[in-house]
Protein chains: 2
Amino acid sequence: MKPLVFFLPGQEDLAAKLTTHLDGEPGNVVTHSFPDGETYLRVASACRGREVVLLQSLDHPNKKILPLLLLGETLRDLGANRIRLVCPYLSYMRQDKQFQPGEGVTSRYFAKLVSTYFDGLLTMNPHLHRYHSLSEIYSIPSEAADAGPDLAKWIKSFIKNPVLIGPDGESEQWVANIAGKIQAPYRVAKKERWGDREVRVSMPDLTAFRDHHPVLIDDIISTGHTLIQAVAAIQEQGLEAPICLGIHALFAPGAEENLKRSGVQRVVTTNTIAHSTNGIDISETLARSLRNF
Amino acid sequence: MKPLVFFLPGQEDLAAKLTTHLDGEPGNVVTHSFPDGETYLRVASACRGREVVLLQSLDHPNKKILPLLLLGETLRDLGANRIRLVCPYLSYMRQDKQFQPGEGVTSRYFAKLVSTYFDGLLTMNPHLHRYHSLSEIYSIPSEAADAGPDLAKWIKSFIKNPVLIGPDGESEQWVANIAGKIQAPYRVAKKERWGDREVRVSMPDLTAFRDHHPVLIDDIISTGHTLIQAVAAIQEQGLEAPICLGIHALFAPGAEENLKRSGVQRVVTTNTIAHSTNGIDISETLARSLRNF
């Protein structure tokens, strides 16, 4: 039987694409916000015994988590069989240790919460730093899909003679991977972080690539400060304005405007988070991962 | 040992009063909102082996619940002993049955969530309609404090010759209770609800009370529509403009302005939810209930 794909308001576009690639059936949820900020939910699709996929990207997770948990409980009460959460952007991955006394390890707490309510988790390129895999903190079957092949395909289709540039050491592994797929050269900058908003980017020698089209690739575009510094550092070496590719279009307030003012040629993101810069569709990759786990 | 009283931003005033009446010690939490909407938490008070009270009113619960659960987990990881949640306004009490097929019973789901994370729950005048007590849905020790005596005391101190008026049948039991405490007459209107925002109030004969000061009493002031109709119905019978007392100052957008335009003499609420209309302090009542359960 076809899986039923449910989602909450804001995920319409990606949900439609995912449903198509999954050969699934759209699930129907009626929601309503009461004047006091509570959420009303009614599932309008028969789901007894059905395989359920619940799509919800978790940027700005604080306001999204409770309706999501309540919908999960409602689906279970209505007899849904397996309920897997598809969370193209997964939140609370950064606080992966106690850096200061008194801090909680929120990534673990969040993982425990999600693991209590759902039967499986699919996400895309989660921020794995100290953890090697999601299974270190998620006790349910979990899978991390990779947007790398979609980014590689996009670059190959649209950019002649590219040089790929990673903004920090963490990005090396997968920028190298994308570069390998399309046989393009790549370089990786070093990033030093000073608090939430201050970063300094040290760019390697790019002068050999002055006839290339620079493509900056980052996993999460949040404040954009790293990319803005990287854009400047690339142009200082006599290369043209780079294109910026991002997987997760998180965009803090003002970030998009600041990035556009930085002289970047164009910003293109995947649709893990719905945003005006979305240009790379990852729904087929998500659907493939969902069939395999 | 004195209990440690923790709270999240927005509860400063009530937390200080509750801490005093409990003879407790203020707990210190450092919070920070990341640009992407996640919350950082650091507990700056030693809490190993300590009795902990966590104060958080749950109006607009969707955005508040996750930081609250994360703080609960952090306190537990840091070795706090018993962690009781003091939630002067308790959310998700209205959906107490499946009214339509496909609906979830969100009051049960919310209760299960809170019961998983905390060791006890104290609230004030929760919206108990089909449930007889919190223990029907909360699996942890729970207690519902009553603001009635505080309202009675306020009326006795400030209003000569009052007549108390309840806006609907549900309010009868405790409007009668307050009236009994101060030996004042009372009457109760009938309310018919049409959707979220439409109500019709049918007021009993009040002409015998034209020389009394009318005091309208409601448990939750949300849209204010019921009270606005009641204010008009009271004045139509030749009584002076009533004072409105509310326990929970939920106030939907625009509600306060509409209520003030209705000709009400004054709106006074308790501080279960911080609001400009707060005039009745319930912190001592909360502290007393907390010592007894």
Side-chain angles (χ1 to χ4, degrees), chain A residues 28-30 32-47 59-67 69-78 91-95 98-106 108-110 112-113 116-117 196-197 220 222-223 248 250-253 255, chain B residues 28-30 32-47 59-67 69-78 91-95 98-106 108-110 112-113 116-117 196-197 220 222-223 248 250-253 255:
Chain A
N28 189 0
V29 186
V30 179
H32 171 66
S33 282
F34 289 110
D36 60 3
E38 296 185 8
T39 300
Y40 167 87
L41 294 165
R42 184 168 64 79
V43 174
S45 311
C47 56
D59 54 299
H60 303 90
N62 291 8
K63 64 183 176 187
K64 291 182 178 173
I65 194 72
L66 189 54
L69 300 182
L70 297 176
L71 177 55
E73 290 276 61
T74 303
L75 290 166
R76 207 172 292 279
D77 262 3
L78 295 171
S91 51
Y92 282 102
M93 287 298 292
R94 287 191 300 199
Q95 184 83 24
Q98 198 188 51
F99 299 94
Q100 302 285 335
E103 287 179 355
V105 184
T106 50
R108 283 194 183 277
Y109 308 151
F110 190 77
K112 181 177 137 189
L113 178 64
T116 303
Y117 281 84
D196 273 8
R197 292 182 178 265
I220 300 174
S222 179
T223 63
H248 303 297
L250 209 50
F251 287 102
Chain B
N28 188 0
V29 186
V30 178
H32 171 66
S33 281
F34 287 111
D36 60 4
E38 295 184 9
T39 300
Y40 167 87
L41 294 165
R42 185 168 64 80
V43 173
S45 310
C47 55
D59 54 301
H60 302 91
N62 291 9
K63 63 182 178 189
K64 290 182 178 171
I65 193 74
L66 189 54
L69 300 182
L70 296 176
L71 177 55
E73 289 277 62
T74 303
L75 290 165
R76 206 171 292 279
D77 261 3
L78 295 170
S91 52
Y92 281 103
M93 287 298 291
R94 286 189 302 195
Q95 184 83 24
Q98 198 188 51
F99 299 94
Q100 303 285 334
E103 287 179 356
V105 184
T106 50
R108 283 194 183 274
Y109 308 152
F110 191 78
K112 182 178 136 190
L113 179 65
T116 303
Y117 280 83
D196 273 10
R197 290 184 179 264
I220 300 174
S222 179
T223 63
H248 303 298
L250 208 49
F251 287 101

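Throughout, protein chains are lettered first and strands after them, A, B, ... in sequence-line order, and every chain is numbered starting at 1.
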From the list A/A255, A/G72, A/C47, A/G104, the residue making the most non-hydrogen contacts under 4.5 Å with chain B is A/G104

When the 4.5 angstrom heavy-atom criterion is applied to A/L113 and chain B, the contacting part is both

Donor + acceptor pair across side chains of B/S91, B/D59 (<3.5 Å)
no

dist A/Y92:OH -> B/L70:CG (nearest 0.5 Å) comes out at 5.5 Å

Here the pair of heavy atoms bringing A/R94 nearest to B/D36 is NH2-OD2, 3.0 Å

Heaviest contributor of heavy-atom pairs below 4.5 Å to chain A, chosen from B/L75, B/D77, B/N62, B/L69, is B/N62

So, the part of A/Y40 with a heavy atom under 4.5 Å from chain B: the answer is side chain

Between the CZ atom in B/F34 and the CG atom in A/L250, the distance rounded to the nearest 0.5 Å is 12.0 Å

Heaviest contributor of heavy-atom pairs below 4.5 Å to chain A, chosen from B/H60, B/E103, B/Q100, B/R76, is B/E103

Evaluate the criterion side chain to side chain contact (heavy atoms under 4.5 Å, CB included) for residue pair A/V30 and A/L41; output intermediate values, then yes/no. CA-CA 6 Å; A/V30 179; A/L41 294 165; over 6 Å; no

Most heavy-atom pairs under 4.5 Å with chain A, out of B/T106, B/L71, B/V29, belong to B/T106

Residue from B/Q98, B/K64, B/K112, B/R108 scoring the most non-hydrogen pairs under 4.5 Å with chain A is B/K112

* Under a 4.5 Å cut-off applied to non-hydrogen side-chain atoms, are A/V43 and A/N28 in contact? -> no

- prompt: Can you find a pair of side-chain heavy atoms, one from A/Q95 and one from A/F110, that are under 4.5 Å apart?
  reply: no

So, the part of A/S222 with a heavy atom under 4.5 Å from chain B: the answer is side chain

Whatever's closer than 4.5 Å to a heavy atom in chain A on B/F251 counts as neither

